[in-house]
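Lettering follows sequence order; numbering is per chain, from 1.
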Amino acid sequence: MERTRISDAMATVPVGTEVEVGGWVRTVRTSKGGFAFIALNDGACMANLQVVADQKLPNYENDVTHLTAGCSLVVRGKLVESPAKGQRVELHADEVRVLGLADAERYPIQPKHHTFEFLRTQAHLRTRTNTFGAVARVRNVVSAAIHDFFQQRGFLYVHMPIITSSDCEGAGQLFRVTTLDLAQVPRGSDGRPDMDKDFFGRSAYLTVSGQLEAETYACSLGNVYTFGPTFRAENSNTPRHLAEFWMVEPEMAFCDLQGDADLAEAFLKHIFAAVLQRCPEDMEFFNQRIDKTVIETLRGIVDQRFERVTYTEAMDILTRAERSWEYPPAWGRDLQTEHERFLTEETFKKPVIVTDYPATIKPFYMRLSDDGRTVAAMDVLVPKIGELIGGSQREERLDVLLERMNAQGLKEADYWWYVDLRRYGSVPHAGFGLGLERTVQFATGMANIRDVIPYPRTPRSADF
RNA sequence: UCCCCGAUAGCUCAAUCGGUAGAGCGUCCGGCUGUUAACCGGCAGGUUGCUGGUUCGAGUCCAGCUCGGGGAGCCA
């Protein structure tokens, strides 16, 4: 008999149907009157299926009365209309097969409140809770929506290398990839490690961004996007940073900053609309238990036009604001967290796209504007989380690019293939990066980024 | 990395001025019930994160360390 998903059993399968379901016990209420209620969950949805098992079952005494939270079962029976509130149907069991017991003395997931900090130490079991099941389902819908969005628009999904030899943004700490024996590193005549002896014959790292490589594909195939893991070895200890996270990076040929910002806005609207539409039950849960404004916030994003201001205009707003700053805003300095929050949460109360940042605080590949002091950069800022998207129009002019590389101390030889794009048939192009986990955080209202990725990697922590 | 806060039963927490460790949930046992994180009664459960110090006496005060949380920086 084919297994029925509990989500289908709860919602659509007609009353009277014979079904078989499999799942894990959430709670059991046993009556000495000779029957038991088993709340069964298979992860397909938030709601549990109520299984009613009575003493007519041959294994009632031996098995059913000893069930505890965490046991795995396959149950066959008939779906009947539930006389109780809170559910359309319940399953009257004709057969209860216990596949795996769960020692109640030691099973860590009790039917009670647990802190997220504790559940992080039990990350292999935490998806058996309402919150983490819902997070996993929303993360899935966000991922699917990302592909939908780009596929509908004819973008090519491309896979860029995870191991790289270029520190592609000239910033950010990289994880080194090596097969050298750390206890006995081969050294050259200058006493420094001889990287020629390493696996790749040179230093290699985990990627911090697939952007530069994605540009090469955009400059021949048109519109492309990458979606994969990214690594940053920064010693960041915050609820918004991971050492390993997933990033989406579209790159578009024949596109300027305006088109880039337009795409970013349409993209976010598409993602959050999909979450609202496809995860109503999970979102209701987040709205009740995690963040009472999360549904309203997502609706606002889907319905409202994002605010767009230039960096210079943003600085005007900030310097005119009658309040004190830990970091006083000043033209030429980067926007601080307190500035971003002021703009998104107090001034505009919605997402804000800030464009045209000073060239001095942005990387070499961003296109220098005619004013000579700003670049065609954009950041999409959202309330609470801050920067969700960072992007730019890329510098397509050979001479300007070389000048900027030189100014930032980068060697042309290390980026020869990147420079070639400007040498042979250069075109204006633009793109951006979206942090998947921050997007899931924003969609769910979850406060800590470590709770929206299955196994978080952070400084001094790589369990599981 | 910097600043602030925290660590007590399996989990969530309490313990006054430094005076001999307590509750709820869970487990187990019993009772009861078409129940919904059911309910009622009972048993068990602790080297108070680690190391050292002060003191007649430390969960409580001091120092160092480990781990965790919040804020900041870096960023997505």
Side-chain angles (χ1 to χ4, degrees), chain A residues 25-41 47-54 66 68-70 80-87 90 92 102-122 129-130 169 171-173 208-211 229-249 264 289 325-327 334-338 340-341 361-363 379-382 385-391 432-442 447-453 458-461 463:
Chain A
V25 173
R26 286 291 177 82
T27 59
V28 193
R29 292 173 294 281
T30 309
S31 166
K32 288 296 179 291
F35 55 96
F37 298 105
I38 305 163
L40 198 68
N41 189 285
N48 302 319
L49 176 64
Q50 173 160 286
V51 174
V52 184
D54 70 26
H66 296 109
T68 55
V80 304
E81 209 170 308
S82 180
K85 278 185 185 154
Q87 60 221 355
E90 60 188 31
H92 283 199
D103 183 353
E105 205 63 58
R106 308 199 327 182
Y107 184 61
I109 311 296
Q110 302 165 9
K112 69 181 285 292
H113 173 77
H114 290 292
T115 59
F116 292 148
E117 290 80 15
F118 169 72
L119 289 170
R120 240 169 263 155
T121 71
Q122 308 293 324
T129 64
N130 288 334
E169 303 196 8
Q173 302 278 342
V208 296
S209 163
Q211 179 203 312
T230 306
F231 307 86
R232 304 274 166 95
E234 245 108 45
N235 190 9
S236 298
N237 294 285
T238 84
R240 298 183 304 280
H241 290 85
L242 293 164
E244 176 184 295
F245 64 99
W246 283 62
M247 187 154 66
V248 183
E249 295 177 287
R289 297 295 198 69
W325 305 98
E326 195 183 338
Y327 297 88
D334 215 342
L335 292 178
Q336 302 295 314
T337 298
E338 57 178 337
E340 295 178 352
R341 296 191 70 146
I361 58 172
K362 290 293 183 182
D379 282 354
V380 181
L381 310 178
V382 297
I385 308 286
E387 186 180 338
L388 254 193
I389 283 178
F432 61 79
L434 168 92
L436 176 68
E437 284 74 18
R438 286 192 184 172
T439 306
V440 176
Q441 248 190 298
F442 189 76
N448 196 311
I449 200 168
R450 298 166 199 207
D451 298 325
V452 299
I453 190 169
T458 56
R460 308 196 61 78
S461 172
D463 291 338

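Look at NZ on A/K112: it is 4 Å from C1' on B/rU12, rounded to the nearest Å.
Heavy atoms of A/H114 sit under 4.0 angstrom from primed sugar atoms or phosphate atoms, though from no base atom. Across all strands shown, A/P108 has no heavy atoms under 4.0 Å from either base or sugar-phosphate atoms.
By the 4.0 Å N-to-carboxylate-O rule, A/K362 lies too far from A/D334 to be salt-bridged with it.
Residue A/T337 places at least one side-chain N or O under 4.0 Å from the OP1 or OP2 atom of B/rG73. Between A/N448 and the phosphate of B/rG70, there is a side-chain N or O to OP1/OP2 separation shorter than 4.0 Å. The side chain of A/Q336 contributes an N or O atom lying less than 4.0 Å from OP1 or OP2 of B/rG73. Between A/R29 and B/rU33 there is no side-chain N or O to OP1 or OP2 distance below 4.0 Å. A sub-4.0 Å separation between OP1 or OP2 of B/rG69 and a side-chain N or O of A/R450 is present. Taking 4.0 angstrom as the limit, A/T27 places a side-chain polar atom (N or O) nearer than this to OP1 or OP2 of B/rA38.
Using modelled atom types and a 3.5 Å distance limit, the side chains of A/N130 and A/R289 yield no donor-acceptor pair.
Ring-base stacking between A/F245 and B/rA76 is satisfied, the centre separation being under 5.5 Å and the plane angle under 30°.
Projected onto RNA chain B by closest heavy-atom contact, A/E117 and A/D379 fall at different nucleotides, the more 5' of which corresponds to A/E117.
Of the candidate nucleotides B/rC28, B/rG68, B/rC11, B/rG68 has the atom lying nearest to any side-chain atom of A/S461.
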